[in-house]
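All of these numbers come straight from a predicted model, not from anything done at the bench. Hydrogens, waters and symmetry mates are skipped; everything else that's a heavy atom, side chains included, is used.
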Amino acid sequence: MSSGSTGRGTGASRRMCVFVRGAVQGVGFRPFVYNLAKRLGLGGWVLNSPQGVQIEVEGGQADLEDFLVRLQKEKPRLAFIQSLEWSYLDPANLGEFKIRESKAGGEKLAFVLPDIATCDLCLEETMDAKDRRYLYPFTNCTLCGPRFSIIEKLPYDRPNTSMKAFRMCPACAKEYRNPEDRRFHAQPIACHVCGPRLQLLDGKGAPMAGEEEALLMACAVVRGGRILGLKGIGGFLLLADARNAEALTRLRQRKLREEKPLALMYPDLKSVEKDCFVDALEARLLTSPEKPIVLLRKRPGASISDLVAPANPYLGVMLPYAPLHHLLTRELGFPVVATSGNLTDEPMAIETDEAVSKLGSIADAFLTHDRPIVRRMDDSIARIVEGREVLLRRARGYAPLPIEVNKKLPKVLALGGHLKNTIAMSKGKHVFVSQHIGDMETKEAVEAFQQAVNDFQKLYEFKPEVVATDLHPAYASTQFGESLGFEVHKVQHHLAHVYSVMADNGLDGSPLGISWDGTGYGEDNTVWGGEFIIPDGGRGEWLAGFEPFPLIGGEKAIKEPRRSALGMLYACFGKEAFEMRDLPTLKAFTDDELEWMKAAVEHDVQSPKCRSVGRLFDGVSSILGMRQKISYEGQAAMALEFAANGMAERIYPFDIKSGGRPKYLINWGRTLSTIIQDAKSGVGNDIISSRFHATLAEMAAKIAEASGERRVVLSGGCFQNALLVRNFQARLGQRGFEVYTHQRIPPNDGGISLGQVIATAEARR
Ligand code: ZN
Ligand code: ZN
Ligand code: FE
């Protein structure tokens, strides 16, 4: 039996689909792929198309992983990969590996490339004392450098980029015009003589130094424990010495960022390996042309301060992706915190004036330059879960590459959700998903969102037939969609998640969709977030969900897991819940607060009914005494995930009722009371948490059995939790279900826009 496209079933054959863009044609790339596949005993084929090299390989999981790692490591010397996307599809018995006839036809799609990290040749030149670009921080070539972040309009020519203000010097112009040169038509081509230059400003914006001196002084700022604002590729970053607790305390205080993990930039892979565990796939990802932030498990005794990621076993690590970063980190020789230069819930600054006025109270100095950033582009975040790459934030390096689907789509403009917003538009069989735009919690964030919508439409000269939005009437994205004057199609949040993970895996039809997250506007006036949905023709049948509980204080409960917990206790034990004074949850309230909570819940004031698994995680975390209040989204659920000690055999009891709407209702009352008993009898949080994860997967397995579907797709923020995914794969895999998870599109709300496009297209078929 096929064990589906995820998980690590023993010896089961899988199909991996790889799409490579870059200088991979006419350099012996196909024979190399052929030989590599043969050596590993993989079936499949390789094909040149006008858009790039397409590869499909079939074989065991370990060999496929090996193939992927060696594809990048052992590629022909002249080959350069600009982007490499891979995903798992269902096995197709491809047979012996072949080089297929090239696809001559097919339109040369004017795909806008993402920003590509500095290539090896450009890095060598930048570090070569004899080269004319020695120490030049903006060295690039046809194969690397900024793209999406500098394009003003199409076609991609220098006058249409933010490089238009720089007149090429004769030496650069010669390279640019010479078809033999590796900078032939490299639009951002530049050098010391003619290109962008560095400048160092003090915290108030007064110039202090230029060029090399600016770089050296900037390093001195970081070395001295102060904070540096750095203009990079897609916006400003804030840099500080990651080993210096005082510097990080200052950064957190000034940025009003209490505990949320901070990203790190290391000088090179070797230095990362000293602080983190890095396997072959993680190393590939770290050094890939996309160069995302990769979540890695921290080694005991790592060199960095605990303030980087308090109470978190993972570190978010990236490698330098522009010559400027290479120069800085090599000069420093130690890891730096590199977090986005913004105020809470505001977009990252991209202009120097803006940076100085907004970040002047945070940064002690700014290292800036005069190449304008056209489009804000955050660093992407990815992790490897069970041998698969999962993007958690899709921006620099990935956006705006399209997701290809099986059927032609109408022209849809989808506006996404409220948190981690992205937008998307469809043309032909392609869905262009925007870069991560962010949480729409401030006026500035909503403005940035509106700008991004206009920008996307203008860049692609796109006129939608229909605009897709969330069902939530109060979302800024919904309201903006209604103001545009096009036909509007509303898609329920969790249905959008389901269509998003289907598109990510090339699936059609009606699999069982499991859509678990923190919050979404439900169809029955309750807060959804633990839904089982069978998608059909752009609509969904609500098959199952969780027994609701009152979310005391509504939105307020998101920041205070103790409120979710109290609501859950009330749903199970009624008034008695308020007498359970020995529970950490109740101890976290004052007597007055408890009186107020009791009144609210009894009179049903500001206590919407909630079915969300994200909030169940919060509640259990509070009841076990882990987190009563949180300072960033998902913190309590993450604490619960990190507390677990692995996969549990034993699960907690639960009940499933049937017959109403939804058809199956999961009652977790006995789950909760057994957890409380366990805690009281001294069972450790590590064991309770492990059992809780296993129980959730078992609940899902029971619903899957009742559903009659064999294919199960997982989406929603809860599936960023690696342990939960592992439990699902184990418990559903054992019963013969095919479990599909996200790959190129985030499981969180970053994927909502893609799902909205597909649901809308399906509804109009
Ligand atoms: Zn290059
Ligand atoms: Zn020049
Ligand atoms: Fe969601």
Side-chain angles (χ1 to χ4, degrees), residues 259 261 277 295-302 306 309-315 385-386 516 530 546 549 560-569 571-573 577 579-589 613-632 634-654 666 668-701 718-731:
E259 292 161 305
F277 297 100
L295 299 190
L296 299 171
R297 204 165 257 281
K298 182 164 66 171
R299 284 185 189 273
D306 288 338
N312 194 321
Y314 292 91
L315 293 177
V385 177
E386 299 287 279
W516 289 4
F546 285 77
F549 62 91
E560 298 181 26
R562 58 182 189 169
R563 288 173 182 260
S564 290
L566 198 56
M568 285 162 63
L569 293 168
C572 292
F573 308 109
E579 307 310 319
M580 304 169 91
R581 296 291 183 122
D582 48 345
L583 286 181
T585 300
L586 278 91
K587 286 184 189 157
F589 290 102
V613 174
R615 296 289 94 81
L616 288 177
F617 263 93
D618 281 0
V620 171
S621 172
S622 157
I623 287 166
L624 296 181
M626 291 180 195
R627 300 276 346 171
Q628 305 303 341
K629 294 185 180 179
I630 57 168
S631 65
Y632 63 91
Q635 189 178 12
M638 277 163 69
L640 196 55
E641 175 190 354
F642 298 154
N645 62 1
M647 307 276 279
E649 280 304 315
R650 223 195 94 186
I651 55 155
Y652 290 118
F654 59 89
I666 301 169
W668 38 269
R670 288 199 293 144
T671 313
L672 191 66
S673 49
T674 319
I675 286 176
I676 294 170
Q677 273 171 28
D678 259 6
K680 280 190 178 155
S681 57
V683 178
N685 282 354
D686 53 346
I687 294 173
I688 297 178
S689 172
S690 302
R691 286 176 182 166
F692 178 64
H693 279 80
T695 306
L696 288 170
E698 186 61 26
M699 291 166 170
C718 291
F719 295 107
Q720 298 175 108
N721 178 333
L723 180 63
L724 190 63
V725 172
R726 269 168 65 198
N727 273 285
F728 264 73
Q729 279 168 348
R731 289 189 181 261

(request) Could you label the plane-to-plane angle of the Phe728 and Trp516 rings as parallel, tilted or perpendicular, counting under 30° as parallel and over 60° as perpendicular? (result) perpendicular
With rounding to the nearest 0.5 Å, note down the distance linking [atom1] in [X] to [atom2] in [Y].
X	Y	atom1	atom2	result
Arg563	Phe589	CZ	CZ	6.5 Å
Ser690	Asn727	OG	CG	8.0 Å
Thr695	Arg731	OG1	CZ	7.5 Å
Lys680	Met580	NZ	CE	5.5 Å
Asn685	Asn645	CG	CG	10.5 Å

Output yes when a side-chain donor or acceptor of [X] lies under 3.5 Å from a complementary backbone atom of [Y], and no otherwise.
X	Y	result
Asn721	Glu641	no
Ser621	Met626	no
Thr585	Leu566	no

For [X] and [Y], work out which heavy atoms get closest and say how close.
X	Y	answer
Asp582	Lys587	O-NZ, 3.5 Å
Ala577	Leu586	O-CD2, 3.4 Å
Met568	Leu616	CE-CD2, 3.7 Å
Lys298	Ala302	CG-CB, 3.8 Å

(message) Under the criterion side-chain contact (heavy atoms from CB on, under 4.5 Å), I'd like the reasoning laid out for Ile651 against Met699: C-alpha separation, chi angles, the key distance, then a yes or no.
(response) CA-CA 10 Å; Ile651 55 155; Met699 291 166 170; over 6 Å; no
Side chains of residues 672-679: which donor-acceptor pairs under 3.5 Å do they make with residues two or more places apart or in other chains?
residue: Ser673; atom: OG; partner: Gly669; partner atom: O; Å: 3.2
residue: Ser673; atom: OG; partner: Arg670; partner atom: O; Å: 3.3
residue: Thr674; atom: OG1; partner: Arg670; partner atom: O; Å: 2.5
residue: Asp678; atom: OD2; partner: Tyr652; partner atom: OH; Å: 2.7
residue: Asp678; atom: OD2; partner: Arg691; partner atom: NH1; Å: 2.9

(request) Begin from the C-alpha positions of Gln729 and Val385 and carry the test side-chain contact (heavy atoms from CB on, under 4.5 Å) through to its verdict. (result) CA-CA 11 Å; Gln729 279 168 348; Val385 177; over 6 Å; no
Residue pair [X] / [Y], side-chain heavy-atom distance below 4.5 Å:
X	Y	result
Phe277	Leu296	no
Asp618	Arg615	yes
Pro561	Phe617	no
Pro261	Tyr314	no
Ser622	Gln628	yes
Phe549	Cys572	no
Val620	Thr671	no
Trp668	Val613	no

(message) Checking Arg297 now: which residues fulfil salt bridge (Lys or Arg N to Asp or Glu O under 4.0 Å) with it, not counting sequence neighbours?
(response) none
(message) For Arg562, give me all partners under salt bridge (Lys or Arg N to Asp or Glu O under 4.0 Å), at least two apart in sequence or on another chain.
(response) Glu560, Glu593
(message) With a sphere of 6.0 Å drawn around CG of Asp306, does it hold more than 12 non-hydrogen atoms of other residues, nucleotides or ligands?
(response) no
